[in-house]
Every structure is written in C-alpha cells, then in structure tokens.
2 protein chains.
Amino acid sequence: MNVQKPRTRIQKKNRRAILDAALDVFSAHGFRGATLDRIAEAAGLSKPNLLYYFPSKEAIHVALLSQLMDTWLDPLRELDPGGEPVAELLGYVRRKLQMSRDFPRESRLFANEILQGAPRIGPALETELKDLVDEKAAVIRGWVEAGRIAPVDPHHLIFSVWALTQHYADFDVQVRAVLGAARDPLDEAERFLDTLFARLVTP
Amino acid sequence: MNVQKPRTRIQKKNRRAILDAALDVFSAHGFRGATLDRIAEAAGLSKPNLLYYFPSKEAIHVALLSQLMDTWLDPLRELDPGGEPVAELLGYVRRKLQMSRDFPRESRLFANEILQGAPRIGPALETELKDLVDEKAAVIRGWVEAGRIAPVDPHHLIFSVWALTQHYADFDVQVRAVLGAARDPLDEAERFLDTLFARLVTP
DNA sequence: CGTGATCTTGACCGAATGGTCAAAACAGCC
DNA sequence: GGCTGTTTTGACCATTCGGTCAAGATCACG
C-alpha cells in the first residue's frame with residue numbers, strides 16, 4: 001500500500017476510519033502509549049488490515065500530524081491586515097478557542113508531539129509555522145507602530161493566544177476538576193478571554 | 001523494599017539518582033515512552049537494582065508526581081490576602097514563571113499526566129488542588145468586590161497564569177522554533193506577562 | 001576479623017507489541 | 001459464471017519491556 005490518494009470507495013472509507021480511530025488513541029495515550037491493536041479495534045478492522053492501508057504505526061501518526069498542521073493554522077491565516085486591529089485580534093482569539101471546542105483531540109495530539117520535543121514535525125515548526133507567525137507578527141507590529149493597538153510584543157501576543165486557548169483543550173481534566181461539574185469551562189473562557197485581550201490590546 | 005523513608009546513606013543517594021533520572025526520562029518521553037532500562041542507565045544503576053529501590057515503574061512515577069504536587073502549588077500558596085492586590089498577582093505570575101525556568105522537566109511531567117487524563121493524580125486535583133484554588137479565588141473575588149482590582153473571573157485568572165507560564169516550559173521547542181535562536185523566550189516572557197497582567201487587573 | 005544486613009547483578013521469564021506472509025474472501029467487470 | 005485485482009485475516013515471528021530470583025559482593029559494626 002504505497003497509495004497516496006485513496007482510489008476506491010473502500011479505501012476512502014477505511015482510511016478515514018483508521019485516521020479517526022488513531023486520533024482517538026494517539027491523543028489519549030500519546031504515540032508510545034497507543035497500540036496498533038487498540039487503533040484497529042477502534043476502527044473496526046483487524047491489525048493486519050490496518051497495515052494494509054498504512055505501512056506502519058509511524059506512518060499513521062505522521063499522516064495525522066501533517067493533516068493537522070494545515071487546519072491548525074487556519075485561524076491565524078484569517079487574520080486580516082486590512083481589518084480593524086482590535087476586532088481582528090479578538091476574532092482570532094475566538095476562532096482559536098473554537099478550535100479547542102471543536103477539535104480537542106487534535107489539540108492534544110499536537111501538544112503531545114511538542115511536549116516530546118516535536119520529533120516528527122520539528123522541521124515544519126521552523127518553516128511553515130515560523131513563516132506564518134513572522135508574517136502576522138509584522139502585521140501586528142504595524143498596528144502597534146500606527147498606534148492602533150497598545151504596544152505589545154507581537155510574537156508573545158500570539159503565544160499567549162495559543163497558550164490560553166489550547167489550555168482549555170489540553171488541560172481540560174484539570175480545568176473541570178477545579179471548576180466543578182456545574183460550570184462550562186469553554187463558555188466562560190470565551191467571555192474571559194474576550195475581556196483579557198480587549199484590555200491588553202485596546203490602545 | 002517497602003522502605004518509605006530512606007535510612008542509609010546509600011539509599012538516600014540512589015533514590016535521589018533514580019528519581020532524577022526518571023524525571024529526565026518520564027518528562028521527555030511520557031510514562032509509556034519511558035523504559036526502566038533507560039532510567040536505570042541514566043541513574044547509573046542496573047535494572048534489577050532499580051527495582052530494589054522501587055517496587056515498579058509505576059511507583060517511581062507516582063513518587064515523582066506526589067513529590068511534585070507539593071512544590072508545584074507553592075507560588076499560589078504564597079499569594080498573600082493581606083498584600084497589595086496588583087502587586088500580589090504580579091508577584092504570583094513572576095514566581096510561577098520562575099518555576100517554568102527552574103523546573104521545566106517537572107512542568108512537562110505534569111503536563112504529560114494531565115494530557116493523558118490525569119490517571120494517577122486525578123483525585124488530588126479535585127481535593128488538594130481545587131481546595132487551594134477555591135481559597136485563593138475567594139481572596140481575589142474579595143479584591144474585585146472591594147474595587148481594588150479590575151473585575152475578572154478569579155478561577156480563569158488563575159488558569160490564565162498557569163496556561164501562560166507553563167506554555168514557555170511545555171512548548172519550549174515550538175517557542176524557540178518560532179522566535180529563532182537569538183532571542184531568550186523566558187526573559188521576554190517575563191516582561192510581556194508583566195504587561196499583560198498589569199493591564200488585565202489594574203482597576 | 002567475623003557476621004549479619006544491605007546492596008548489586010547476570011540470567012531468565014511471560015506478556016505485549018510492531019510487523020510479516022501466504023492464503024482465503026470478495027468486488028467489479030466482461 | 002469466470003477472471004482479475006482488491007481486501008481481509010489467522011497464524012506466526014522477533015523484539016522489547018516490566019519484573020523475578022538466587023547468588024554473589026559489599027558494608028556496618030561489634
């Protein structure tokens with residue numbers, strides 16, 4: 001199976017099922033903690049059948065990560081240099097938080113990878129990621145110099161968006177343990193982060 | 001070896017060496033990714049010798065975590081209800097960031113545990129951690145109601161301190177990849193976070 | 001120095017795990 | 001129905017890993 005693009009209906013369906021199952025297992029147990037048997041079971045396939053569609057456990061992991069990188073940066077890509085600065089930044093925060101809500105598994109998969117020192121997507125960080133961040137940081141710096149937002153380091157501003165939004169996905173267990181069952185973390189986070197970033201960047 | 005407190009000199013030395021080596025390995029590879037052989041090698045002992053001091057891999061991990069929980073909450077414990085609110089909060093941020101600088105391995109160990117759903121310290125989150133946070137949150141709420149700091153949700157304020165400070169330890173690889181080799185992330189973070197929280201809580 | 005307790009290790013074990021393979025089952029098409 | 005390429009699987013393998021054990025080395029102390 002060195003098929004890059006699934007051709008048949010069955011291939012498309014099974015590759016989807018495998019990647020979805022693998023996302024479950026990898027994000028919950030990390031790369032080493034995940035086993036092919038568990039992934040196979042979750043996907044409703046036999047282990048050899050898994051390995052018919054992907055050459056190795058590593059290949060599944062890489063497939064997930066590279067697929068993730070794309071969508072992961074979308075919220076930042078949408079930051080519009082021509083828009084109203086404060087509204088643009090608050091919109092970015094809201095979009096990023098929405099990703100924590102919609103794709104917590106992806107967030108944890110990413111967190112796991114970075115925590116282990118990014119052995120598989122290290123290179124992509126220094127190219128794809130850095131390039132995009134530098135580009136948007138320049139935009140933000142422009143806004144600062146024009147006096148349209150308060151003076152802040154653009155890179156660390158972006159880091160703070162990542163840290164704060166991803167925290168609610170990655171540390172979900174902790175957040176819920178502290179808040180108690182009655183409260184909705186993500187709902188409250190939306191209001192809190194709105195306030196936080198509004199105070200931070202409004203001139 | 002059901003010794004709780006090391007008695008002899010050798011025991012003290014070797015248990016220290018093991019826990020330090022285990023911290024290295026666990027924080028870098030996660031629980032499942034860590035092997036007794038690696039830990040033993042890093043500690044300069046043979047594997048059976050390891051298991052003379054600790055009954056199992058799990059026991060080493062638990063020992064690390066419970067030892068960690070203690071020091072991990074120190075910065076928050078020191079938050080003084082009688083102090084000047086803004087200075088107290090900024091001091092908390094600075095202390096917490098200092099922990100990311102001094103104990104990045106511990107931070108990653110903790111992050112790994114929470115990411116996996118806190119299978120080993122889950123209970124401690126809902127008791128020890130929650131109790132402390134609730135207590136300090138009440139203090140902060142008092143400050144808000146007295147008009148001494150700007151109105152913010154105390155729990156999410158604390159979460160934001162955790163998220164922002166731990167991000168620089170846990171996602172170090174990513175931060176460095178984006179910033180480039182010439183910049184010192186922690187140094188810049190200190191100034192940035194000072195600004196951020198000052199703007200957030202100053203009435 | 002002798003002796004009992006502490007410490008260390010080589011050899012080994014069973015279970016789990018990533019991966020292989022050849023053969024069977026199946027799908028699509030004439 | 002028969003043929004070809006695709007899909008599925010049971011049986012199997014080599015390695016890794018957590019953990020055991022019995023015997024030997026070393027230490028503390030009278």
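Below, read A as the first sequence line, B as the second, and so on, with proteins coming before strands; counting in each chain starts at 1.
- At the phosphate of C:dC7, OP1 or OP2 sits under 4.0 Å from a side-chain N or O atom of B:Gln11.
- Sequence order on DNA chain D of the closest nucleotides to A:Asn49 and B:Phe31 puts A:Asn49 first from the 5' end.
- Between A:Arg108 and A:Asp24 no salt bridge is recorded (no basic side-chain N to carboxylate O distance below 4.0 Å).
- Between A:His61 and A:Arg120, the side chains place a donor N or O and an acceptor N or O closer than 3.5 Å (distance only, hydrogens not considered).
- Between the OH atom of A:Tyr53 and the C1' atom of C:dG19 there is a distance of 18 Å, rounded to whole Å.
- Of the listed nucleotides (D:dT20, D:dT8, C:dG18), D:dT8 has the atom at the smallest distance from the side chain of A:Asn14.
- With salt bridges taken as basic N to acidic carboxylate O contacts below 4.0 Å, one links B:Asp20 and B:Arg105.
- Residue-level contact check: A:Arg32 touches the backbone only, with heavy atoms under 4.0 Å from sugar-phosphate atoms and none from bases.
- Between the CD1 atom of B:Ile60 and the P atom of D:dG19 there is a distance of 9 Å, given to the nearest Å.
- You'll find a donor-acceptor pair under 3.5 Å spanning the side chain of A:Lys47 and the base of C:dG19, going by distance alone.
- Nearest to the side chain of A:Leu36, among C:dT9, C:dT6, C:dG18, sits C:dG18.
- Atom pair A:His61:NE2 and C:dG19:P shows a separation of 13 Å (rounding to whole Å applied).
- The residue B:Ala59 sits apart from the nucleic acid: no heavy atom pair falls under 4.0 Å.
- Candidate nucleotides D:dT9, D:dT7, C:dT20 were compared by shortest atom distance to the side chain of A:Leu51, and C:dT20 ranks first.
- At whole-Å resolution of the value, CD1 in B:Ile39 and C1' in D:dG18 are 11 Å apart.
- Distances were taken from every side-chain heavy atom of B:Pro48 (C-beta onward) to each of C:dT6, D:dA11, C:dT9; the shortest belongs to C:dT9.
- Summarising the geometry, atom CD belonging to A:Glu41 is positioned 11.5 Å from atom CD1 belonging to A:Ile39; distances are rounded to the nearest 0.5 Å.
- If you take NE2 of B:His29 and P of D:dG18, they are 12 Å apart, rounded to a whole angstrom.
- Counting any heavy atom pair closer than 4.0 Å across all strands shown, B:Ala40 reaches no nucleic acid atom.
- No donor-acceptor distance shorter than 3.5 angstrom exists from the side chain of A:Glu88 to the backbone of A:Leu79, with no hydrogens or angles considered.
- Listed pair A:Tyr52 / C:dC21 fails the phosphate criterion, with no side-chain N or O lying under 4.0 Å from OP1 or OP2.
- The distance between atom CG of A:Leu50 and atom P of C:dT20, rounded to the nearest whole Å, is 13 Å.
- Rounding to whole angstrom units, CZ of residue B:Phe54 and P of D:dT20 are separated by 15 Å.
- The distance between atom NZ of B:Lys57 and atom P of C:dA16, rounded to the nearest whole Å, is 14 Å.
- Side-chain proximity of A:Thr35 to the nucleotides D:dG18, C:dT17, C:dT8 is greatest for C:dT17.
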